[in-house]
Amino acid sequence: MLTETRSVLAQDAAIPVLRAVMFFLGLLGSAAWVRLHRRGSWWLFVASCIAGLSFWLIQIQSPFGLGTDEALTRGWAQTGVNLFAPSDDGGFVWGTPAQVSLAATLARMGCGEAIVHAVPQGAAIICLLLLFAIPLVHFRDKTTAAFCSILVGLGGIYPGTTSFAASLLHPESALALGFLTLAIAWATRENGKPRGDVRGVAFISLSVVLALLRAGAAGPELMVAEVWILAGLSLLAASQARLWLEQTSASPQKQRGMEGAILLTVLSGSGLLWWTPTQTVKGFADARDPGVALRKPMAWILENVSPREVVLSSRAYSASISALAGRRVLFPPLTLAAPAEILPEPFRRNRLWETTLRGEPSQRLAEHFNATHLFLGPGEATPTPGSGGSRAEPALDLIPVYQDIEDFRIFRLTKK
């Protein structure tokens, strides 16, 4: 059922339907606001946003960012090892320290695969709910709180931006800064008629300072900081807008009509309504591909290779073996943005790899690294004993144990 739903939602024709549904819910919410059904109006706008966000998030089928983002790739590789391998402090690359991420931490705590793989999606949903919650805890006046909550949740005075790309790419930072912003909103609570006094100034100042500190004032995490700075600005602007409407409207009915029109207008231009992550978010299109071909050999490794054993492979498949099969590898993944990394015993690692590619893996080095299997992908040549060099030490045999139609091959290193 879930697979069929994803295939339907992945069609381009489904996007206009989504936007029509979101706008219809917003239209009902605007009408409910005018008719003084403020709680119902709030829920309709929240439902519109949740529907829009869930439409995209449900399409993600593989760990988001695996193979397309350096930090997320390493985090998912460590997460896989924590899920399926013994719980220790080692990294997914044999002999290196563990990578730190929210998903890896949850995996070490014993959370299931479905939970840890949904960390980016969960962060996006939580950030959406935080955007709606910030005004609710900031204002004691329920009407002002509901009005500002809807505007901030929809995108506020910056309707072209969304927080959800930042949440998917940097879930830890987005959640940390979101809860900090919520705490500031609570600490600076005021009534429904803000006067632009020191509390409003304090809210924005603290938001900016904390955002810049968390993002280091530079780098990719700055996009996360911007989201919550804009949320704080939107909150103040929304509250001032309602105060102005209250002071200038000829009657409460006209005020409600203007407020309803503003809510619907902001929804119509909100970033979420027009968000198309397949075109704008790096790695989203790749995450919609379940990678069935690669998962077949990964499933074989998971079932037949002990968690304490190391799988030899080229750098192109290192992250996938750790993330999807939970087994440690000899080398880190090959990415253009890979940071300088000092591996322990680099000569021995390279020597084992060279002898394995010649079809004569060094028995001494294989036992040292606890390497028991060789993984080859399509286009990678099968090692042939005697293809180069001379045997100067005892070598192991490569026994084929797996091959499929996609030309993924696995060999077991065994004694002669």
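Scope of the values below: all heavy atoms of this structure, side chains included, with no hydrogens, waters or symmetry mates.
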With side-chain contact (heavy atoms from CB on, under 4.5 Å) as the criterion, how do L130 and T181 come out once you've worked through the C-alpha distance, each side chain's angles and the decisive distance to 0.1 Å? CA-CA 9 Å; L130 286 175; T181 307; over 6 Å; no
Between S41 and H37 (side chain of the first, backbone of the second, donor and acceptor by atom type, cut-off under 3.5 Å), is there such a pair? no
CG of L154 to OG of S270, rounded to nearest 0.5 Å, is 6.0 Å
One should read off an interatomic distance between L272 CG and F164 CZ, to the nearest 0.5 angstrom, of 5.0 Å
### Query
Are any non-hydrogen side-chain atoms of L245 and I262 less than 4.5 angstrom apart?
yes
Just by distance, do the side chain of K282 and the backbone of D69 share a donor-acceptor pair under 3.5 Å? no
request  = Ignoring hydrogens and angles, tell me if any N or O in the side chain of R328 forms a donor-acceptor pair with the backbone of G90 under 3.5 Å.
outcome  = yes
Tell me which donor-acceptor pairs under 3.5 Å the side chains of residues 47-60 have, and how far apart each pair is, sequence neighbours excluded?
from	atom 1	to	atom 2	distance (Å)
S48	OG	M22	O	3.0
S54	OG	I50	O	2.8
W56	NE1	W275	O	3.4
Q59	OE1	R288	NH1	2.5
Q59	NE2	L9	O	3.3
Q59	NE2	F55	O	3.0

- Message: A side-chain contact here means heavy atoms from C-beta on lying under 4.5 Å apart; do C148 and R242 qualify?
- Response: no
Can you find a heavy atom in the side chain of L398 that is under 4.5 Å from one in the side chain of R409? no
| task | Give a yes or no answer on whether the side chain of S322 reaches the backbone of A319 with a donor-acceptor pair at less than 3.5 Å. | result | no
Practice item. Kindly say whether P290 contributes a backbone atom to a donor-acceptor pair with the side chain of R295 at under 3.5 angstrom? Key: yes
Inset, instruction - Would you please test V100 and E172 for side-chain contact (heavy atoms from CB on, under 4.5 Å) and show each step? - result: CA-CA 11 Å; V100 179; E172 295 91 347; over 6 Å; no
Rounded to the nearest 0.5 Å, the CG atom of L129 sits from the CG atom of L182 at a distance of 11.0 Å
Minimal heavy-atom distance between G75 and A104, with the atoms involved, is O-CB, 4.4 Å
Rounding to 0.5 Å, atoms CG (L72) and CH2 (W76) come to a distance of 7.5 Å
Quick one, R327 and P307 - any side-chain contact, counting heavy atoms below 4.5 Å? yes
* Short question: side chain of R38, backbone of A146 - any donor-acceptor pair under 3.5 Å? -> no
- Item | Sub-4.5 Å side-chain heavy-atom contact between L102 and L175 | yes
Between the main-chain N or O of F284 and the side-chain N or O of T278, is there a donor-acceptor pair closer than 3.5 Å? no
Margin query: Tell me whether D404 contacts the main-chain N or O of E406 through its side chain, where contact means a donor paired with an acceptor under 3.5 Å.
Written below: yes
Shortest non-hydrogen pair, A287 vs F64, comes out as CB-CD1, 3.7 Å
- Message: Can you confirm whether more than 12 heavy atoms, excluding those of R315, are under 6.0 Å from its CZ atom?
- Response: yes
Please test F411 against L376 for side-chain contact (heavy atoms from CB on, under 4.5 Å), starting from the C-alpha separation and ending with a verdict. CA-CA 8 Å; F411 299 83; L376 297 175; 3.7 Å; yes
I'd like to check R349 versus P344 (side-chain heavy atoms, cut-off strictly below 4.5 Å). Are they in contact?
yes
When rounded to the nearest 0.5 Å, the distance separating CD of E380 from OG of S313 is 8.0 Å
Name every donor-acceptor pair, under 3.5 Å, that has one atom in a side chain of residues 24-34 and the other anywhere in the protein, sequence neighbours excluded.
from	atom 1	to	atom 2	distance (Å)
S30	OG	G260	O	2.7
W33	NE1	E259	OE1	2.8

Taking it one step at a time, do Y402 and F375 satisfy side-chain contact (heavy atoms from CB on, under 4.5 Å)? CA-CA 9 Å; Y402 177 89; F375 178 88; over 6 Å; no
If we only count heavy atoms from C-beta on, is the L413 to L312 side-chain gap below 4.5 Å?
-> yes
Separation between CG (N370) and CD (E309), nearest 0.5 Å, reads 6.0 Å
In the structure I gave you, are the side-chain heavy atoms of W94 and E345 within less than 4.5 Å of one another anywhere? yes
In short, L374 meets W353 closest at the heavy-atom pair CD1-CZ3, 3.7 Å
Inset, instruction - Please confirm whether the backbone N or O of H170 pairs with a side-chain atom of S173, one donor and one acceptor, at under 3.5 Å? - result: no
Closest heavy-atom pair, Q78 versus F92, reported as atoms and distance to 0.1 Å, is OE1-N, 3.1 Å
